[in-house]
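The structure under discussion appears below in the form of structure tokens.
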Amino acid sequence: MTDAWLVDSHCHVDMPQFDADREAVLERARAAGVGRLVLIAGFDEQDGQRRALALAERLSAPVAAGVHPHEARLFSDAIEDELRGLARERRLVALGEIGLDFHYDHSPRDVQREVFRRQLRLARELGLPVVIHTREADEETCALLEQERAGECGGVIHCFTGGHELARRALALGFLISFSGILCFPRAEVIQQVARELPEERLLIETDAPFLAPPPHRGKRNEPAFVVEVARKLSQLRGTTPEAIGRAAAANLARLIDARWA
Ligand SMILES: [Zn+2]
Ligand SMILES: [Zn+2]
């Protein structure tokens, strides 16, 4: 086993939840074998994107930026221009996370749809893959991805919690599917079934830290080191080793983002 055999393809280590012990968290990630983590810069009322962009620069870590569906009501021409600028400076490896969240409905659904559509168009314009957040909106997410020809820029369904139909249509578009700690929850049977059947070249792993810690850490703050639990669960489901899962995820992540990350 090499030292760095894992990736965390989606985390929010820039968030204030890590302010007290960020270096220790990053050190534990390294010690656990996480060679690479992708930061997500989300625009919000406090210019939260700047935190992740600054941390990414300091760590030389890849970063994606976008307007989360929760924050869709904040989307503006100015933000679109800022995203365009960041992409032109080659500071982004992907646009995201973007999508639809009909579970929380923090932004009105028609606003979410419109902002998702605009960011999908922007991704195609910029030639960036997309990081998709979708919750209780499988059908509409698929329809929008297809209508906006998201297959041309590619991307990943992050923190997969959907059904077989979402998986099937995402794969048809050439997308990757990323599993989080939710895969390890006892009642995640459908997600586990999707994980069993997924072609190896399409799988990714992530924590979405600080959210959704997998067992045995459930209920606590999540952190990138815990991605090992996701790799372990996937290896059990697929009859392979955690190392093989880690290697596949690292290769798939590299294929997704390395064209923008010299
Ligand atoms: Zn998300
Ligand atoms: Zn996230």
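Order of appearance sets the numbers: ligands from 1, and atoms from 1 within every ligand.
With a 4.5 Å cut-off on side-chain heavy atoms, Q112 and H106 do not count as touching.
Around the Zn ion (ligand 2), the protein N, O or S atoms closer than 2.8 Å are H10 NE2, H12 NE2, E97 OE2, D208 OD1, listed by chain and residue number.
By the salt bridge (Lys or Arg N to Asp or Glu O under 4.0 Å) test, E89 is found to be paired with R91, residues two or more places apart in sequence or in another chain being considered.
In terms of hydrophobic clustering, with Ile, Leu, Val, Met, Phe, Trp and Tyr side chains grouped at heavy-atom distances under 4.5 Å, M15 and L74 are assigned to different clusters.
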Taking only distance into account, with no hydrogens and no angle test, what donor-acceptor pairs under 3.5 Å do side-chain atoms of residues 92-101 form with protein atoms, sequence neighbours excluded?
unit_1 : atom_1 : unit_2 : atom_2 : d
E97    : OE1    : H68    : NE2    : 3.4
E97    : OE1    : H133   : ND1    : 3.1
E97    : OE1    : H158   : NE2    : 2.9
E97    : OE2    : H10    : NE2    : 3.1
E97    : OE2    : H12    : NE2    : 3.2
D101   : OD1    : H103   : N      : 3.0
D101   : OD1    : Y104   : N      : 3.0
D101   : OD2    : H133   : NE2    : 2.8

For residues 25-34, which side-chain donor-acceptor pairs fall under 3.5 Å, sequence neighbours excluded?
unit_1 : atom_1 : unit_2 : atom_2 : d
E27    : OE1    : R30    : NE     : 3.2
E27    : OE1    : R30    : NH2    : 3.3
R28    : NE     : E223   : OE2    : 2.8
R28    : NH2    : E223   : OE1    : 3.0

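What you find for A195 and L234 is that their closest heavy atoms are CB-CD2, 3.6 Å.
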